[in-house]
Structures are given as C-alpha cells and as structure tokens.
Amino acid sequence: MGSAVTAVLDNPAYAALTGPHAGFAERVGRALRYPSDVSPFTAIPSDPTASDWADLAALVGSGGLVAFGSPDGIDVPDGWSVAFEGAGVQMVGDGVVPARDDRAVRLGPDDVPEILDLVARTEPGPFLPRTIELGTYLGVRRHGELVAVAGERLRLPGWTEISAVCTDPSVRGQGLASALVRHVAANIVDAGSVPFLHAAADNVGAIALYEHLGFTVRSRVRFTALVAP
C-alpha cells in the first residue's frame with residue numbers, strides 16, 4: 001500500500017473524528033475528543049499550532065487529561081504535564097485471512113458490565129461504558145460466562161481498528177482471541193475497510209499472535225497522556 005493510503009494512520013484519532021466518527025466529536029476549533037465515557041482519545045492536527053493547543057485546553061478544561069498515540073510522540077507545550085508515556089506498535093492487517101466463527105456472538109449494551117469486568121482483569125487497553133457504540137463487538141461465552149472479546153474502535157477512511165482483544169486466563173491457549181480477531185476482520189473487510197490495531201511494544205506474545213494472523217508492524221507508536229494547564 002502506498003504512503004498516500006496509509007498516511008491517515010499517522011494520526012488515526014484525528015482522521016476518525018473528522019471522518020467516519022465525526023458524529024461523536026466534541027470540538028473547539030481544530031481540537032477534538034470523544035465523549036469521556038466513549039474513549040479517552042483526543043486529537044489535534046499533526047502540525048498543531050499554539051492556537052490548537054489552546055483550543056484543546058479549552059475543550060478539556062484545566063487539569064483535564066488528554067491521550068494521544070503518534071509515531072513521533074508529542075512535543076509537550078509549556079504548561080502541560082506528562083501523566084503517562086508508553087511505547088507501542090501499530091500493525092496493519094492487509095495480510096489477514098478473514099474467517100467467521102460460529103462461537104462468536106454480537107455484544108450489546110446489556111453486555112457492557114461483563115465486558116468491563118473482563119477488561120479490568122485482562123487489561124487489553126481502554127474500554128469505557130459507551131465504547132461499544134464505536135463499532136461491532138463480539139464475544140465468546142462458556143457456560144453463560146463471557147470469556148473472550150474483540151471489537152472495532154477507531155474508524156477512519158479506509159481503515160478500522162481492532163481493539164479490546166482479551167480472553168479470560170482460564171481459556172487462554174484455545175485460539176479464541178485468534179478466532180475473534182479473524183471474525184472482526186471479516187466484518188471490517190466486508191464493509192470495504194482494512195483492519196489495523198495497536199499493541200504495547202513489550203507485549204511480545206500479542207505481537208507474535210498478530211503477526212501469525214497476517215498483521216505486520218507499520219510503525220512504532222508513542223502513547224502519551226497529558227494534563228492540561
């Protein structure tokens with residue numbers, strides 16, 4: 001894929017909030033964010049001006065927390081403080097073989113408490129009470145208990161992010177995560193998009209799994225959370 005096609009992946013939250021997810025956007029000037037119960041991600045242009053940072057501060061309020069993921073990290077402006085930094089990778093799934101799985105069930109708002117519980121125990125990344133509104137989330141149940149989840153998060157032109165991939169420790173090693181990722185990928189491909197995802201750079205097991213499924217590392221990513229002045 002050419003750089004023109006993948007360029008939106010350098011600033012995916014901005015591409016999502018100014019594109020397919022514009023309906024979720026809370027905005028001041030060129031600063032955007034998801035509602036605080038949907039996603040922690042905020043967004044400003046890749047070449048932000050002082051006015052963009054001022055608009056972002058106005059959007060989140062004094063002491064408000066903003067979260068970014070970018071290949072080059074963030075040049076922290078005066079007055080802002082760093083709450084968290086972490087290394088990650090962005091992976092694209094144009095080599096994934098999509099496949100549906102009969103064990104997968106679509107999850108809805110009534111399933112959110114169980115999803116939040118599983119996420120809290122397995123820590124795949126942020127999942128909030130309304131995150132499920134961002135796309136289709138699938139799960140696998142054993143004896144009525146939700147034991148595996150995967151779904152769609154950021155949606156941008158031509159691309160959809162797979163997120164919240166997690167399995168209960170009691171069922172790990174049974175291929176449930178792989179099955180759900182392939183099923184979510186099938187939904188994404190059928191909608192005319194390409195799947196991508198993010199993983200912590202030190203989560204070598206997850207990265208190896210995704211590579212086995214056909215994902216490739218596109219770039220290193222720096223996850224940064226800042227506190228507004």
Side-chain angles (χ1 to χ4, degrees), residues 1-92 125-136 151-164 188 191-198 200 218-229:
M1 294 187 178
S3 59
V5 175
T6 60
V8 293
L9 295 174
D10 288 339
N11 195 347
Y14 191 80
L17 287 166
T18 56
H21 277 172
F24 288 100
E26 297 178 352
R27 183 169 194 156
V28 174
R30 297 198 300 172
L32 305 103
R33 71 172 180 180
Y34 285 93
S36 59
D37 56 354
V38 173
S39 172
F41 288 111
T42 52
I44 50 178
S46 297
D47 54 347
T49 64
S51 293
D52 294 326
W53 283 106
D55 288 341
L56 184 59
L59 178 62
V60 302
S62 179
L65 192 68
V66 301
F68 301 97
S70 64
D72 301 318
I74 298 293
D75 292 328
V76 182
D78 292 340
W80 293 76
S81 58
V82 177
F84 170 81
E85 283 189 307
V89 294
Q90 183 184 81
M91 307 182 75
V92 296
F127 187 95
L128 301 172
R130 292 178 54 209
T131 300
I132 200 165
E133 297 176 20
L134 295 177
T136 298
E152 302 168 352
R153 187 169 61 180
L154 298 181
R155 192 187 304 271
L156 39 150
W159 300 87
T160 300
E161 182 191 26
I162 296 177
S163 184
I188 292 170
S193 291
V194 180
F196 75 105
L197 54 79
H198 295 92
R218 174 182 176 262
S219 67
R220 298 286 175 176
V221 176
R222 195 75 184 167
F223 297 114
T224 308
L226 303 178
V227 179

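When all heavy atoms of Leu154 and Pro12 are compared, the closest pair comes out as CD1-CB, 3.9 Å. Looking at every heavy atom in both residues, Asp47 comes nearest to Arg30 through O-NH2, 4.2 Å. Pairing each heavy atom of Phe41 with each of Ala13, the nearest pair is CB-CB, 4.3 Å. Minimum heavy-atom separation, Leu197 to Glu161: CA-CG, 4.2 Å. Here the closest heavy-atom approach between residue Pro157 and residue Ala15 is recorded as CD-O, 3.8 Å. Looking at every heavy atom in both residues, Pro35 comes nearest to Glu26 through CA-OE2, 3.6 Å.
Summarising the geometry, atom CZ belonging to Phe24 is positioned 14.0 Å from atom CG belonging to Leu32; distances are rounded to the nearest 0.5 Å. Atoms CZ and CZ, on Phe68 and Arg222 in that order, are 15.0 Å from each other to the nearest 0.5 Å. Going from atom CG of Leu65 over to atom OG1 of Thr42 covers 8.0 Å, rounded to the nearest 0.5 Å. Note: Ser70 OG to Asp10 CG = 9.0 Å, rounded to the nearest 0.5 Å. Taking OG of Ser219 as the reference point, atom CG of Leu9 lies at 8.0 Å (rounded to 0.5 Å). Remark: Met91 CE to Ile162 CD1 distance equals 11.0 Å, nearest 0.5 Å.
In this structure, Pro229 and Trp80 have side chains that are in contact, with non-hydrogen atoms separated by less than 4.5 Å. Contact of the Ile44 side chain with the Thr49 side chain is not registered, since no non-hydrogen atoms from C-beta on lie closer than 4.5 Å. No side-chain heavy atom of Arg130 sits under 4.5 Å from any side-chain heavy atom of Tyr34. No side-chain heavy atom of Val66 sits less than 4.5 Å from a side-chain heavy atom of Arg33. Counting heavy atoms from C-beta outward, Arg220 and Val89 have side chains that approach closer than 4.5 Å. Considering only heavy atoms from C-beta on, Val76 comes within 4.5 Å of Leu226 through its side chain. Proximity of Ile188 to Glu152: side-chain heavy atoms (C-beta onward) are separated by under 4.5 Å at one or more points. Using a 4.5 Å heavy-atom threshold, the side chains of Pro40 and Leu128 count as touching.
Remark: Asp78 CG is loosely packed, at most 12 non-hydrogen atoms of other residues, nucleotides or ligands lying under 6.0 Å away.
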For Tyr14 and Val8, run side-chain contact (heavy atoms from CB on, under 4.5 Å): C-alpha distance rounded to whole Å, both residues' side-chain angles, the deciding distance at 0.1 Å, then the answer.
CA-CA 8 Å; Tyr14 191 80; Val8 293; over 6 Å; no
